[in-house]
Amino acid sequence: MDLSQLQSALASKSYEKIADICDEVMLQVASRGIVFQEEWPYAIHLLGHIYVNDLNSARFLWKSIPQGIKESRPELVAAWKIGQCLWNRDYAGVYGAIRGFEWSPEVIGLVTTFLENYTKKMFQLLTSAYSTITVADVAHFMGMSEDDATNYALQQGWTLDSSSQMLTVSKPKITTEQKLDPSKLQRLTEFVFHLEH
């Protein structure tokens with residue numbers, strides 16, 4: 001079983017490719033009738049699906065894993081806990097599932113990068129959904145302490161009303177550049193002039 005593509009994807013931090021690589025290698029090995037379940041990197045495979053937010057594939061992979069392997073690999077169970085929290089929209093639970101396990105050196109980079117991306121995504125969701133929000137709610141959704149959540153929000157340009165413990169969201173300014181081509185303006189002017197006369 002050749003997992004060199006997977007190893008190079010992990011080494012180059014191309015985490016978005018992991019699920020596809022694992023799916024492809026698993027199909028190749030299974031089609032040859034090779035027994036692979038005992039040595040298959042299920043935790044990495046599962047985390048690869050979670051990384052690209054393909055929860056359906058993660059669920060199907062989990063269901064296909066033999067029970068004995070699930071029971072003998074705590075890291076696999078910990079990876080599935082992340083998937084369950086995502087599936088159930090337990091936003092704070094995702095942080096707890098990640099921080100509540102001592103990840104192996106093989107997957108720590110993948111998990112850390114996922115956590116960073118997930119934190120940014122949650123912050124973007126809060127920014128688009130709220131104009132004001134309590135510090136406690138931000139801390140809950142971001143999986144941080146209230147002090148850390150406040151500091152993170154302030155670094156992103158939000159403002160704090162310390163008397164009410166409310167954060168005011170700073171919406172990003174949307175700037176659109178319109179390039180004005182003089183020839184187009186000339187043609188529009190001539191067209192409007194033609195219509196009026």
Side-chain angles (χ1 to χ4, degrees), residues 1-129 138-144 148-149 152 156:
M1 178 167 50
D2 181 20
L3 296 174
S4 59
Q5 278 187 302
L6 176 62
Q7 297 306 327
S8 68
L10 286 168
S12 67
K13 299 185 182 204
S14 301
Y15 301 128
E16 69 283 352
K17 298 177 182 177
I18 288 176
D20 289 338
I21 291 169
C22 287
D23 288 343
E24 185 64 32
V25 172
M26 183 183 265
L27 285 173
Q28 289 172 3
V29 171
S31 69
R32 293 184 195 134
I34 300 170
V35 178
F36 63 91
Q37 286 86 353
E38 289 300 320
E39 54 193 77
W40 188 255
Y42 283 111
I44 294 172
H45 194 169
L46 191 62
L47 287 167
H49 285 301
I50 291 169
Y51 185 86
V52 294
N53 201 29
D54 187 358
L55 297 181
N56 284 325
S57 294
R59 283 181 57 226
F60 290 125
L61 176 63
W62 176 255
K63 289 180 181 184
S64 72
I65 299 171
Q67 190 62 34
I69 291 176
K70 290 178 187 177
E71 292 170 357
S72 67
R73 298 188 189 176
E75 189 167 66
L76 175 60
V77 175
W80 178 237
K81 180 73 175 156
I82 298 169
Q84 286 175 308
C85 291
L86 289 168
W87 184 264
N88 293 319
R89 294 187 176 99
D90 177 7
Y91 306 114
V94 171
Y95 294 102
I98 291 172
R99 293 183 181 130
F101 188 79
E102 181 97 15
W103 300 96
S104 70
E106 277 186 312
V107 300
I108 190 69
L110 171 59
V111 172
T112 302
T113 304
F114 171 79
L115 181 60
E116 291 168 1
N117 293 344
Y118 184 74
T119 301
K120 289 175 188 170
K121 178 182 169 188
M122 289 306 303
F123 193 78
Q124 288 171 346
L125 286 172
L126 292 176
T127 300
S128 64
V138 173
H140 172 75
F141 284 115
M142 301 290 291
M144 301 176 177
D148 290 343
Y152 188 89
Q156 304 301 318

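Predicted model, so just to flag it, every value in this text is computed and none were measured. Along the sequence shown, residues are numbered consecutively beginning with 1.
Of all heavy-atom pairs spanning A92 and H140, the tightest one is CB-O, 3.4 Å. Q37 and I69 make their closest contact through O-CD1, 3.1 Å (heavy atoms, listed as atom of the first residue, atom of the second, distance). K13 approaches E16 most closely through the heavy-atom pair O-OE1, 4.5 Å. Residues L110 and G48 come closest through the heavy atom pair CD2-N, 4.3 Å. Closest heavy-atom contact between L6 and C22: CD1-SG, 3.8 Å. Scanning both residues, W103 and V107, for their nearest heavy atoms gives CE3-CG2, 3.8 Å.
Checking V25, I50, D23 one by one against H45, the side-chain contact (heavy atoms from CB on, under 4.5 Å) holds for a single residue, D23.
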Would V29 and E24 count as a side-chain contact (heavy atoms from CB on, under 4.5 Å) here? Give the steps.
CA-CA 9 Å; V29 171; E24 185 64 32; over 6 Å; no
Evaluate the side-chain contact (heavy atoms from CB on, under 4.5 Å) criterion for residues F123 and T127: first the C-alpha distance (whole Å), next the side-chain angles of each, then the deciding distance (0.1 Å), finally the verdict.
CA-CA 6 Å; F123 193 78; T127 300; 3.7 Å; yes
Could you go step by step and tell me if V94 and M122 meet the side-chain contact (heavy atoms from CB on, under 4.5 Å) rule?
CA-CA 11 Å; V94 171; M122 289 306 303; over 6 Å; no
Are W40 and L3 close enough, and set up right, to give a side-chain contact (heavy atoms from CB on, under 4.5 Å), and what steps lead you there?
CA-CA 9 Å; W40 188 255; L3 296 174; 4.0 Å; yes
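Residues F114 and Y15 keep their aromatic ring centres 6.0 Å or farther apart. For an aromatic pair to be called close, the ring centres must be under 6.0 Å apart, and Y118 with Y91 fails this.
Counting only distance, with no hydrogens or angles, the side chain of S128 and the backbone of L125 share a donor-acceptor pair below 3.5 Å. When atom types are taken as modelled, the side chain of N88 and the backbone of D90 share no donor-acceptor pair closer than 3.5 angstrom. The backbone N or O of G83 lies less than 3.5 Å from no partner atom in the side chain of R59, so there is not a single donor-acceptor pair. Panel note: side chain D148, backbone M144; no donor-acceptor pair is recorded below 3.5 Å.
Taken to the nearest 0.5 Å, the CD atom of E106 stands 11.0 Å off from the CG atom of L47. Residue S4 holds its OG atom at 9.0 Å from CD1 of I21, rounded to the nearest 0.5 Å. Rounding to the nearest 0.5 Å places CD of Q124 at 9.5 Å from CD of Q156.
Side-chain contact between Y51 and T113 is present, with heavy atoms from C-beta onward closer than 4.5 Å. Between T119 and Y95, the closest side-chain pair of non-hydrogen atoms falls below 4.5 Å. Inter-residue side-chain proximity for I108 and E102 is flagged as unmet; no heavy-atom pair is nearer than 4.5 Å. Y42 is listed as a side-chain neighbour of P66, based on a closest heavy-atom distance under 4.5 Å. Looking at L55 and H49, their side chains never come closer than 4.5 Å, going by heavy atoms from C-beta outward. I98 places none of its side-chain heavy atoms less than 4.5 Å from the side chain of T112. By the 4.5 Å heavy-atom criterion applied to side chains, L10 and I18 are counted as neighbours. Contact annotation: the side chain of L76 approaches that of I65 to within less than 4.5 Å [non-hydrogen atoms, C-beta and beyond].
Around atom CD of Q5, no more than 12 heavy atoms belonging to other residues, nucleotides or ligands sit under 6.0 Å away. A 6.0 Å sphere centred on CD of E38 holds no more than 12 heavy atoms belonging to other residues, nucleotides or ligands. In K70, the NZ atom is crowded: over 12 heavy atoms of neighbouring residues, nucleotides or ligands sit closer than 6.0 Å.
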